[in-house]
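A quick write-up on the structure given underneath.
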Protein chains: 2
Amino acid sequence: MTRRSAPPVTAAATRPGSHKETRPLRRDAEVNLGRILVAARDVFAEQGYDAPMEIIASRADVGVGTLYRRFPTKADLFTAVVESARQRNREIAEEVLAEVAPGEAVFEFVRRCISVPSVWRATTAAPPWGSKRGAGLKQIAPLIATIVDRSKAAGTLRPDVEVTDVVMVLKAVRSIADLCDTPSARPSLRFLELALDGLRPGHAAPTHPPLSIEQLARILSQG
Amino acid sequence: MTRRSAPPVTAAATRPGSHKETRPLRRDAEVNLGRILVAARDVFAEQGYDAPMEIIASRADVGVGTLYRRFPTKADLFTAVVESARQRNREIAEEVLAEVAPGEAVFEFVRRCISVPSVWRATTAAPPWGSKRGAGLKQIAPLIATIVDRSKAAGTLRPDVEVTDVVMVLKAVRSIADLCDTPSARPSLRFLELALDGLRPGHAAPTHPPLSIEQLARILSQG
DNA sequence: CCCAGACGGAACGTCTCGTTCCGGTTATGC
DNA sequence: GCATAACCGGAACGAGACGTTCCGTCTGGG
């Protein structure tokens with residue numbers, strides 16, 4: 001613990017003139033920043049917060065020194081990655097809402113969340129220093145709720161499943177995918193089908209009550 | 001790396017006269033051995049092979065020295081724990097076969113595997129030094145296959161699910177349970193119900209092929 | 001009462017990892 | 001072209017985590 005509280009160097013890579021005339025990055029530096037973000041996203045998704053900085057650096061074809069020039073601390077890098085993943089996740093929900101037929105909405109939402117490993121992983125990811133509890137989930141929950149409602153109305157989703165159930169399915173499929181999938185084969189797709197079938201109508205109501213959003217948020221933000 | 005290859009001190013705790021007149025343990029020592037095994041089972045189940053020996057020791061109310069007097073190496077302790085968990089798992093399968101109606105067999109098997117956290121976890125556990133590939137799974141697979149066949153015959157299980165699908169469900173539910181459950185509440189039971197519903201008849205056949213036992217064994221024994 | 005055998009837990013050596021530092025390199029404005 | 005501010009890579013440092021060892025003390029059971 002030496003520095004802390006240094007400017008997070010937020011990914012101002014969103015093109016020039018971001019806020020206060022911070023001289024734009026040199027071109028090569030900007031390219032590297034992009035690579036770092038991608039590498040960090042993937043590595044954190046694969047190994048969690050414990051992933052060594054050196055792995056991220058080498059994956060980005062960069063020295064560790066370069067990482068620390070952009071992000072004063074590992075925590076800062078992690079935060080940046082998580083925030084961008086959450087945003088991407090919200091976009092996915094909105095796209096589904098806009099593009100997909102109500103009856104297929106939940107199912108397609110889950111499929112899309114799973115198709116990019118890093119997104120859903122990072123969205124619910126929690127760093128050791130237990131940031132604000134469940135911020136990630138609470139931001140997306142309303143969107144998922146809308147998707148769920150539509151599919152229920154369309155009669156393709158069991159009326160007795162809740163948003164939190166969908167999130168649990170997401171977590172479960174993600175864990176199977178992490179376990180089995182390789183770049184060349186994705187056995188988890190079969191499990192995904194089975195799990196989604198469990199959400200379809202035609203089964204006795206579950207005997208155990210659903211988790212509330214708050215409960216689930218608390219769980220996700222600590223474990 | 002200094003010793004290695006020392007006698008594993010197999011849990012000869014199976015009462016006196018186990019093999020070659022190894023003087024029986026002093027009573028207090030035997031009690032401690034029991035506590036060590038239980039603690040190690042739980043701790044390894046919770047944290048994986050990376051769990052510090054000191055945690056196991058303190059959970060067993062014992063000094064680390066005592067651990068090393070019984071098991072020359074962390075690896076030896078782990079091996080002993082895993083082997084006993086596998087055996088318990090086989091017993092569960094046999095009990096289900098003997099006690100449960102065919103129609104409920106798979107479902108009850110999954111429920112029982114999940115009800116004791118350490119068992120299924122350890123059964124598919126893999127130490128870093130990648131022991132014999134998938135030995136654990138291959139031992140139980142035939143038993144699960146019998147259970148699956150019975151339930152299919154009874155018409156309560158989709159004819160298109162395979163043994164490997166059941167194992168994946170087991171893994172998935174386990175991961176959710178690890179995430180959510182506490183001594184006082186088990187939200188994963190609801191997810192378990194949903195997941196099992198996905199295995200019931202009345203759905204279109206999955207479009208992706210099942211994993212073979214060999215493939216799954218390979219996956220489990222490395223990740 | 002004695003002591004082989006058991007016990008606890010401090011100490012040791014190793015290894016991992018976050019972070020720092022600095023000599024060399026390169027984009028960019030003049 | 002040139003000067004130079006920004007960059008870059010990656011060795012090195014220090015802290016901490018862990019497996020394992022060691023040794024002084026305690027105790028079950030003959």
Side-chain angles (χ1 to χ4, degrees), chain A residues 1-9 12-13 16 21-36 39-40 43-44 47-81 127-129, chain B residues 1-9 12-13 16 21-36 39-40 43-44 47-81 127-129:
Chain A
M1 308 306 171
T2 322
R3 184 191 331 74
R4 260 6 48 110
S5 83
V9 184
E21 217 47 51
T22 37
R23 183 172 314 172
L25 291 174
R26 233 167 65 176
R27 187 133 34 97
D28 54 345
E30 186 163 329
V31 169
N32 279 341
L33 176 56
R35 282 220 295 272
I36 289 172
V43 172
F44 279 137
Q47 312 192 27
Y49 186 75
D50 287 342
M53 289 295 260
E54 207 171 331
I55 300 286
I56 297 175
S58 75
R59 181 103 87 177
D61 263 315
V62 140
V64 276
T66 305
L67 257 53
Y68 283 91
R69 201 164 312 101
R70 295 287 159 257
F71 302 91
T73 270
K74 187 184 188 180
D76 292 316
L77 174 56
F78 186 79
T79 303
V81 164
W129 69 88
Chain B
M1 307 305 170
T2 324
R3 184 193 327 75
R4 265 356 55 106
S5 83
V9 182
E21 219 45 53
T22 37
R23 182 170 315 173
L25 291 176
R26 230 165 69 175
R27 187 135 35 97
D28 55 343
E30 187 163 328
V31 169
N32 279 342
L33 176 56
R35 281 221 295 272
I36 289 171
V43 173
F44 279 138
Q47 311 193 28
Y49 185 75
D50 287 341
M53 289 294 261
E54 208 170 329
I55 299 287
I56 297 175
S58 73
R59 181 104 97 192
D61 262 314
V62 141
V64 276
T66 305
L67 256 54
Y68 282 92
R69 201 163 312 100
R70 295 287 159 255
F71 302 92
T73 269
K74 185 184 188 179
D76 292 316
L77 174 56
F78 185 80
T79 304
V81 163
W129 68 88

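Predicted model only: the values in this text are computed from it and were never measured. Chain letters run A, B, ... following the sequence lines, proteins first, then strands; residues in each count from 1.
Residues G63(A) and Y49(B) each lie close to DNA chain D; by heavy-atom proximity, the contact nearer the 5' end of the strand is made by G63(A). Positionally, the nearest nucleotide of DNA chain C for E54(B) lies more toward the 5' end than for the other of E54(B) and E54(A). Comparing A51(B) and G65(B) by the nucleotide of DNA chain D whose heavy atom lies nearest to each, the residue mapping closer to the 5' end is A51(B).
Distance, E30(B) CD to dG5(C) C1': 15 Å, rounded to whole Å. For Q47(A) and dT16(C), the CD to C1' distance is 13 Å, given to the nearest whole Å. Here dG8(C) presents its C1' atom at 17 Å from CD1 of I56(B), a figure rounded to the nearest Å. Straight-line distance from the CE atom of M53(A) to the P atom of dC8(D): 14 Å, rounded to whole Å. When rounded to the nearest whole Å, the span between CG of L67(B) and P of dG19(D) equals 10 Å. R35(B) places its CZ atom 15 Å from the P atom of dA6(C), with the value rounded to the nearest Å. Between the CG atom of N32(A) and the C1' atom of dG9(D) there is a distance of 11 Å, rounded to whole Å. Distance CD1 (I55(A)) to C1' (dG18(C)): 14 Å, rounded to an integer number of Å.
The two residues K74(B) and F44(B) make their nearest non-hydrogen contact at CE-CE2, 4.1 Å. For the pair I36(B) and T66(B), the tightest heavy-atom approach, listed with the atom from each and the gap, is CD1-CG2, 4.0 Å. Of all non-hydrogen atoms in Q47(A) and P52(A), the two that sit nearest each other are OE1-CD, 4.0 Å.
Between the CG atom of N32(A) and the CZ atom of R35(A) there is a distance of 5.0 Å, given to the nearest 0.5 Å. With rounding to the nearest 0.5 Å, the separation of CG in L67(B) from CG in L33(B) is 10.0 Å.
Listed pair T66(B) / dA6(C) fails the phosphate criterion, with no side-chain N or O lying under 4.0 Å from OP1 or OP2. For dT19(C), the OP1/OP2 oxygens have a side-chain nitrogen or oxygen of T73(A) closer than 4.0 Å.
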- [ ] Check the pair R70(B) / L25(B) against side-chain contact (heavy atoms from CB on, under 4.5 Å), numbers first and verdict last.
- [x] CA-CA 10 Å; R70(B) 295 287 159 255; L25(B) 291 176; 3.8 Å; yes

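Set against dT20(D), dT19(C), dA6(C), the side chain of Y68(A) has dT19(C) as its closest nucleotide. The side chain of V64(B) lies closest to dA10(C) when the candidates are dG18(C), dA10(C), dA6(C). Of the candidates dC7(C), dC7(D), dG18(C), the closest approach to any side-chain atom of R70(B) belongs to dC7(C).
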Task: Sugar-phosphate or base contact per nucleotide [nucleotides 22-30 of chain C; S, B, -; heavy atom under 4.0 Å] - done: ----BSS--

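Partner M53(A) forms a side-chain contact (heavy atoms from CB on, under 4.5 Å) with one of V43(A), T73(A), L77(A) and no other, that one being L77(A).
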